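Every chain is numbered from 1, with letters handed out A, B, ... down the list of sequences. Owing to the predicted nature of the structure, the values given are computational and were not obtained by experimental measurement. Below, all heavy atoms of this structure are taken into account, side chains as well, without hydrogens, waters or symmetry copies.
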Amino acid sequence: MGFLAAGLGAGIIAIGAGIGIGMIGKSAVESIARQPEASGDIRGAMILTAAFIEGVALFGAIVCALLALNITV
Amino acid sequence: MGQVLRRVITTILFLLVLNPVSVAADASGDNEEPVIDVMGKVVDHDYLELVGGAKVYLPRIFMVDGDWYFFVNTQSAVDSGEFEMQESALVRADGESISLDMSITSHLMYVWFGMLLTLFITFWAASKYKKGVGAETEPKGISQNLFEVFFVFIRDDIAKEYIPGDKHKKFVNYLFSVFLAISFMNLFGLLPWGVATTADLTVTATLAAITFFITQWNGSKDHWQHVFMFPGVHPAMRIILTPVEILGLFTKPFALAIRLFANMLSGKIMIVCILGLIFIFTDIFGPAVGLSSSVFWVGLTALLYILKAFIALLQAYIFTLLSAVFIGMAVEEHHHEHESESSVATATDVQV
């Protein structure tokens with residue numbers, strides 16, 4: 001059961017994080033195309049926001065790892 | 001000449017990637033064990049693995065009820081009769097619990113290596129600037145130029161950008177040293193027998209705790225006012241807002257620690273798992289399939305290594321950047337309530 005939950009959870013995390021980071025990438029590329037001179041600032045903001053999404057996704061990934069490895073905290 | 005050098009370096013790099021494979025192949029000789037021990041590659045050990053797989057056992061230091069015990073390594077602790085092994089962990093032979101375990105472990109050693117390298121590089125650069133090289137003249141040589149690129153990047157693009165006013169000068173030291181130290185700690189994980197010590201929650205939690213204390217010690221009046229007496233809202237709302245804000249103080253460094261830890265850990269587990277596919281394939285389909293598929297897995301691992309080298313620097317950058325953002329939020333002083341509304345909005349957006 002733990003393995004099933006971990007696998008499903010990891011998949012859902014990947015979906016969520018993928019959508020999130022994809023949207024950041026989409027809007028960042030659009031903004032750079034619209035205003036190429038601001039690409040440096042946009043890139044910084046993009047990395048920062050992607051880091052937040054990644055952080056949340058990795059929280060979930062850790063929970064999945066704990067489930068799969070049967071570690072009780 | 002340059003072509004020859006490039007070829008030699010490329011060959012060495014490929015051999016370095018292949019080497020852990022051969023070591024792991026030796027280790028998977030006995031059939032009773034699981035095919036590949038993923039977590040064993042990730043967790044802390046009581047020895048330091050040298051080039052070639054030789055092990056140097058590290059000292060164990062315990063405190064039991066105020067008495068200190070020093071042992072040269074785990075084996076001598078067991079030999080003394082005071083401690084015994086139970087499920088690969090040392091416990092007291094007489095059943096008492098160890099009150100403090102100050103043993104030196106492989107992760108701790110690599111933290112020290114990272115710090116020593118940081119100290120060495122910064123002191124070396126400082127001595128150069130004191131002599132006037134770089135301060136009055138142009139910086140000389142590749143290493144000093146490289147140092148200056150990183151330092152100016154941290155100072156101008158991170159510290160100046162996110163910490164308002166003249167206050168950034170105070171924090172450039174911390175931000176730069178934490179960036180260098182985390183970069184080195186991450187990059188050590190790419191060495192064939194090295195350990196990415198940031199794949200340990202205790203290490204990242206310590207780093208995040210340092211950021212936390214620096215942030216709170218330098219908190220301005222407005223920072224604390226925002227925590228306890230959020231301005232401009234109905235007094236009854238403060239019953240809800242104050243606990244949330246106090247919680248927010250702790251979730252920020254917590255997220256900082258988890259992010260670095262999980263990134264490095266997942267990179268490490270991924271590499272072990274993909275290399276482990278060779279042995280899993282060998283176990284299921286026989287050595288011929290394992291051998292022929294290994295070309296693919298080793299290639300994939302090489303790509304992952306490049307990705308990991310990038311992620312190592314990126315995570316160090318993100319840790320430094322977020323530290324700067326949190327410090328900047330804490331030291332900021334709002335003189336005019338209405339003008340600073342936009343900065344308040346970004347401050348609350350940057351929660352996780």
Side-chain angles (χ1 to χ4, degrees), chain A residues 2-32 35-73, chain B residues 34 37-43 153-154 156-162 198-201 204-205 208 251-270 272-273 310-311 313-326 328-329 346 348-352:
Chain A
F3 286 115
L4 182 67
L8 283 176
I12 295 168
I13 292 163
I15 292 172
I19 292 172
I21 292 181
M23 280 170 83
I24 294 169
K26 169 178 167 279
S27 25
V29 170
E30 273 176 7
S31 335
I32 290 173
Q35 214 174 350
E37 64 270 24
S39 61
D41 293 343
I42 293 168
R43 195 175 297 122
M46 181 180 80
I47 290 174
L48 190 68
T49 327
F52 290 136
I53 291 184
E54 195 186 48
V56 177
L58 286 167
F59 282 152
I62 291 288
V63 171
C64 289
L66 293 179
L67 274 176
L69 298 167
N70 239 333
I71 300 168
T72 43
V73 183
Chain B
D37 178 20
V38 175
M39 288 320 277
K41 305 267 181 239
V42 177
V43 292
F153 171 69
I154 299 289
D156 289 355
D157 285 2
I158 295 181
K160 258 188 203 166
E161 184 120 0
Y162 292 98
T198 37
D200 190 328
L201 191 53
T204 56
T251 52
K252 279 179 227 158
F254 182 71
L256 212 56
I258 295 279
R259 180 176 302 111
L260 184 58
F261 159 68
N263 265 297
M264 298 322 290
L265 186 73
S266 62
K268 223 167 154 181
I269 289 178
M270 220 143 81
V272 177
C273 285
F310 170 67
I311 285 179
L313 287 175
L314 183 73
Q315 287 305 320
Y317 164 66
I318 287 175
F319 192 98
T320 318
L321 179 72
L322 289 180
S323 295
V325 170
F326 296 153
M329 277 159 55
T346 48
T348 41
D349 284 346
V350 188
Q351 282 286 328
V352 175

> If you look at every heavy atom in Met46(A) and Ala28(A), which pair is closest and at what distance?
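The answer is SD-CB, 3.3 Å.
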> Looking at Gly60(A) and Ile13(A), what are the two nearest heavy atoms and their distance?
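Minimum heavy-atom contact is C-CD1, 3.1 Å.
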> Which heavy-atom pair separates Ser31(A) from Ile42(A) by the least distance, and what is that distance?
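Of all heavy-atom pairs spanning Ser31(A) and Ile42(A), the closest is CB-CD1, 3.6 Å.
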> Measure distances from Leu314(B) to the heavy atoms of chain A and classify the residue's part below 4.5 Å as side chain, backbone, both or neither.
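The side chain, not the backbone.
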> Heavy-atom distance under 4.5 Å to chain A: side chain of Asp157(B), backbone, both or neither?
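Asp157(B) has no heavy atom closer than 4.5 Å to chain A.
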> Chain A: which of Ile258(B), Leu265(B), Leu321(B) shares the most heavy-atom pairs with it under 4.5 Å?
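Ranked by heavy-atom pairs under 4.5 Å with chain A, first place is Ile258(B).
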> Give me the atom names and distance for the closest heavy-atom approach of Leu260(B) to Gln315(B).
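Smallest heavy-atom distance, with atoms named: CD1-CB, 3.7 Å.
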